[in-house]
Amino acid sequence: TIIGQTTPGSPNSFLCTKKEFGDFELEFEVKLLNNELNSGVQIRSKTAEPKGEDKFGRVNGPQVEIEATGENGAESGYLYGEAAGGWMTPEAELIPHKHFKDGEWNKYRIVAKGPRIQTWINGQEIEDLVDNAKFESHPKGFIGLQVHGVGDRGPYEVAWRNIRIKPLDKE
């Protein structure tokens, strides 16, 4: 199990693969140990050059949302452009749902093939998006487990296990 924990005052942080992936199938299980924490998994992402006194550059690219369902549902499984334009899922399709089970392990499946990205949570299809512009700017990149910054709150934790990736590229 990989545990990500927030640090008061820290920005979003990421544990990233060294290898880049273009077309792939990614499966993992994730559990929010604190429902106050929003998280995600970066796919086909990049890091911009550091600016000023920053030690690291800003992670940017598609992110698959991980968020507690709560009473009203949430946007888990939809696609967000981290430092890359905001929600990729069209607003009309960004419908809160309750397929993510709070306090339990949740199985995610992500298939990225060309400009098409599909996501499932616990066997339920959540997203089937074709985004040619994002594919043009982010055709491949690293996979990154995100711990979202929470200001001065926390510490909060998120856990991942059984992470498997299968490249679908013709290499």
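In this text the structure is predicted, and so the values were computed from the model without any measurement.
Counting only heavy atoms from C-beta outward, the side chains of Arg116 and Leu129 never approach each other to under 4.5 Å. Within the 4.5 Å cutoff, the side chain of Gln118 has heavy atoms near those of the Glu125 side chain. Looking at Val111 and Leu168, their side chains come closer than 4.5 Å, going by heavy atoms from C-beta outward.
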List the steps and the verdict of side-chain hydrogen bond (donor to acceptor under 3.5 Å, both in side chains) for Glu127 and Thr89. CA-CA 8 Å; Glu127 180 71 86; Thr89 300; 2.3 Å; yes

Go through Ile3 and Val158 one step at a time and tell me if the side chain to side chain contact (heavy atoms under 4.5 Å, CB included) criterion holds. CA-CA 6 Å; Ile3 304 285; Val158 57; over 6 Å; no

Check the pair Tyr80 / Val64 against side chain to side chain contact (heavy atoms under 4.5 Å, CB included), numbers first and verdict last. CA-CA 6 Å; Tyr80 182 79; Val64 179; over 6 Å; no

Assess the residue pair Leu26 and Val41 against the criterion (side chain to side chain contact (heavy atoms under 4.5 Å, CB included)); give the C-alpha distance rounded to whole Å, side-chain angles, the decisive distance to 0.1 Å, and a yes or no. CA-CA 10 Å; Leu26 173 66; Val41 172; 4.0 Å; yes

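Classification of Asp23 and Lys166 as a salt-bridged pair fails, no side-chain N sitting under 4.0 Å from a carboxylate O. In this structure, Glu25 pairs ionically with Arg109, as a charged nitrogen and a carboxylate oxygen lie closer than 4.0 Å.
With values rounded to the nearest 0.5 angstrom, Asn106 atom CG is found 11.5 Å from His99 atom NE2. Between Ile110 atom CD1 and Ile126 atom CD1 the span is 11.5 Å, to the nearest 0.5 Å. Taking CG from Leu37 and CZ from Arg153, the interatomic distance works out to 8.5 Å, rounded to the nearest 0.5 Å. In this structure, CH2 on Trp160 lies 11.5 Å from OG1 on Thr1, to the nearest 0.5 angstrom. To the nearest 0.5 angstrom, Gln5 atom CD is 10.5 Å from Ser13 atom OG. The structure places CD of Glu157 at 12.0 Å from OG of Ser39, a figure rounded to the nearest 0.5 Å.
Between the Tyr156 side chain and the Val147 main chain, no donor and acceptor come within less than 3.5 Å of each other. Checked by atom type and distance alone, the side chain of Gln146 pairs as donor or acceptor with a backbone atom of Gly40 at under 3.5 Å. Remark: the backbone N or O of Ser76 is paired with a side-chain donor or acceptor of His97 at under 3.5 angstrom. Of the possible donor and acceptor atoms, none in the side chain of Ser10 sits under 3.5 Å from a partner among the backbone N and O of Pro8. Of the possible donor and acceptor atoms, none in the side chain of Asn38 sits under 3.5 Å from a partner among the backbone N and O of Glu36. Panel note: side chain Arg44, backbone Gly22; a donor-acceptor pair is recorded below 3.5 Å. With hydrogens and angles disregarded, a donor-acceptor distance shorter than 3.5 Å links the side chain of Thr69 to the backbone of Phe100.
Residues Leu33 and Trp105 do not share a hydrophobic cluster, defined by chaining ILVMFWY side chains whose heavy atoms lie under 4.5 Å apart. Note on Met88: it does not cluster hydrophobically with Trp120, by side-chain heavy-atom contacts below 4.5 Å among ILVMFWY residues. Following chains of ILVMFWY side-chain contacts shorter than 4.5 Å, one cannot reach Phe14 starting from Phe24, and the two form parts of different hydrophobic clusters. Cluster membership for Leu15 and Ile163, using ILVMFWY side-chain heavy atoms within less than 4.5 angstrom, is shared.
Minimum heavy-atom separation, Gly73 to Pro96: C-CB, 3.8 Å. Gly61 approaches Ser45 most closely through the heavy-atom pair CA-OG, 3.7 Å.
When each of Thr7, Asn12, Thr6 is tested with Val150 by the rule side-chain contact (heavy atoms from CB on, under 4.5 Å), just one qualifies, namely Thr6. Considering Asn122, Ile121, Val30 in turn, Asn122 is the only one that fulfils the side-chain contact (heavy atoms from CB on, under 4.5 Å) rule with Lys107.
Taking the six-membered ring where tryptophan is involved, the planes of Tyr108 and Phe28 are essentially parallel, since the angle between them stays under 30° and well short of 60°.
Applying the side chain to side chain donor-acceptor pair (under 3.5 Å) test to every pair with at least one member in residues 131-143, sequence neighbours left out, gives these pairs: Asn60-His138.
Partners of Gln63 according to the side chain to side chain donor-acceptor pair (under 3.5 Å) rule, which considers only residues two or more places apart in sequence or in another chain, are Gln42, Glu82. Asn162 meets the side chain to side chain donor-acceptor pair (under 3.5 Å) test with Glu29; sequence neighbours excluded. Partners of Thr17 according to the side chain to side chain contact (heavy atoms under 4.5 Å, CB included) rule, which considers only residues two or more places apart in sequence or in another chain, are Phe21, Phe142, Ile143. Every side chain to side chain contact (heavy atoms under 4.5 Å, CB included) that Ala68 has, sequence neighbours left out, goes to Leu32, Asn35, Asp102.
When hydrophobic residues (I, L, V, M, F, W, Y) are linked wherever their side-chain heavy atoms come within less than 4.5 Å, Val130 remains an isolated member.
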